[in-house]
There are 2 protein chains.
Amino acid sequence: MVIKAARKPALGGQECDMSGWDAGNCPVRDVIDRIAGKWSTLLLEALSHRPYRFGELRRLVPDISQRMLTQTLRDLQRDGYIEREVFPTKPPSVEYRMTDLGRSLFEPLSKVLRWAEKNHSSVKAARAKYDESELA
Amino acid sequence: MVIKAARKPALGGQECDMSGWDAGNCPVRDVIDRIAGKWSTLLLEALSHRPYRFGELRRLVPDISQRMLTQTLRDLQRDGYIEREVFPTKPPSVEYRMTDLGRSLFEPLSKVLRWAEKNHSSVKAARAKYDESELA
DNA sequence: AGTGCTAGTCTCTTTTTGAGACCAATGTTC
DNA sequence: GAACATTGGTCTCAAAAAGAGACTAGCACT
């Protein structure tokens, strides 16, 4: 067929293995989908430094809504990355702190964060280039 | 870590200086927000193995809509992680392949993916525990 | 002559997110 | 002693994003 002949040969010459990579039902997605949220990494980053209370996190991340802060914290807690402790103070305060599991996740995750920090300019350059070529 | 409350946005507009961690305006967020999408990591994982065509990716990830596949690929391309090449075959085919920048990103990212794979059971256990305690 | 392939786009509906009011109990201020 | 702020949320409604599915074009195959 013409299409196959004209196409550039694929790398490796081996059909994708995909062993352990079930797109529809894989464990990786089950975990990643949760920490891939817009706010999850941000909160994990914050809580990797030290425990924070709800209001502190809210001030720390000014553009998160209370609703999403509550929800994201609850999701992270449910997956076992952070703990929630209520202190019976006068207005009861709530503290969130990272668990061992969370710390273990944050170790590789922080490397992606550092990559992002380091390569931000390359990404911005790529965007500028793309936007310019699209303009034509 | 020092938390600065919202100050008057001066010339630069940078408000939060938390030892290199600017919540509101930081390069890390600018990069992470894009690769934190539901489908981004999945497509990067696929394209890390070998180049794929649009339809191949669609079959590979059956539960992505064509709309989101197009959009996610375009975002990844815009940020410079993947390249798009059109082959003038009879029904024109389009191939997507990872760039050097994409590969450089995928190196730390793949470690998170492997963490997810390895710790899936811990996360599932945490969820079960949480759900049970919530039920009470 | 009908069907399928290609890589999308367009529209419509459903889900997710954001903005902001509201809560109850206490503490501080005037 | 009345007003107002602070605690960690929840609730509602509007806006944005995502999903489902129809539609496109030219050509190959049957």
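A, B, ... follow the sequence lines: proteins, then strands. Residue 1 opens every chain.
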> Which of these passes side-chain contact (heavy atoms from CB on, under 4.5 Å) with B:Ile32: A:Leu113, A:Leu109, A:Leu42?
Replying inline: A:Leu113
Name the closest nucleotide to the [X] side chain, picking from [options].
X: B:Pro91; options: C:dT6, C:dA7, D:dT7; answer: C:dT6
X: A:Arg59; options: C:dC5, D:dT7, D:dG8; answer: D:dT7
X: B:Ser93; options: D:dG19, C:dA7, C:dT26; answer: C:dA7
X: A:Lys38; options: C:dG18, C:dA7, C:dT17; answer: C:dG18
X: B:Met68; options: C:dT17, D:dG19, C:dA7; answer: D:dG19
X: A:Arg84; options: D:dG8, C:dT26, D:dT12; answer: D:dG8

How many Å lie between [atom1] on [X] and [atom2] on [N], as a whole number?
X: B:Asp75; N: D:dA17; atom1: CG; atom2: P; value: 11 Å
X: B:Gln66; N: D:dC23; atom1: CD; atom2: P; value: 14 Å
X: A:Leu73; N: D:dG8; atom1: CG; atom2: P; value: 11 Å
X: B:Tyr52; N: C:dA7; atom1: OH; atom2: C1'; value: 18 Å
X: B:Phe87; N: C:dA7; atom1: CZ; atom2: P; value: 11 Å
X: A:Ile82; N: D:dG8; atom1: CD1; atom2: P; value: 14 Å
X: B:Leu69; N: C:dA7; atom1: CG; atom2: P; value: 10 Å
X: A:Arg34; N: C:dT16; atom1: CZ; atom2: C1'; value: 13 Å

>> So, does A:Trp39 get its side chain near the phosphate of C:dT16, meaning an N or O under 4.0 Å from OP1 or OP2?
In response: no
> Counting only side-chain N and O atoms of B:Arg74, is one of them less than 4.0 Å from OP1 or OP2 of C:dT9?
Replying inline: yes
Touch check for [X], heavy atoms < 4.0 angstrom, all strands: base, sugar-phosphate only, or nothing?
X: A:Arg58; answer: nothing
X: A:Arg53; answer: sugar-phosphate
X: B:Tyr96; answer: sugar-phosphate

> Can you list the steps and then say if B:Tyr81 with B:Met98 is a side-chain contact (heavy atoms from CB on, under 4.5 Å)?
Replying inline: CA-CA 6 Å; B:Tyr81 305 132; B:Met98 196 167 255; 5.9 Å; no
> Is any side-chain heavy atom of B:Asp79 less than 4.5 Å from a side-chain heavy atom of B:Asp75?
Replying inline: no
>> A side-chain contact here means heavy atoms from C-beta on lying under 4.5 Å apart; do B:Arg50 and B:Glu56 qualify?
In response: yes
>> For A:Lys90 and A:Arg67, find the nucleotide of DNA chain C closest to each by heavy atoms; which residue's nucleotide sits nearer the 5' end?
In response: A:Arg67
>> Could you check whether B:Thr99 and B:Arg103, counting side-chain N and O atoms only, form a donor-acceptor pair closer than 3.5 Å?
In response: no
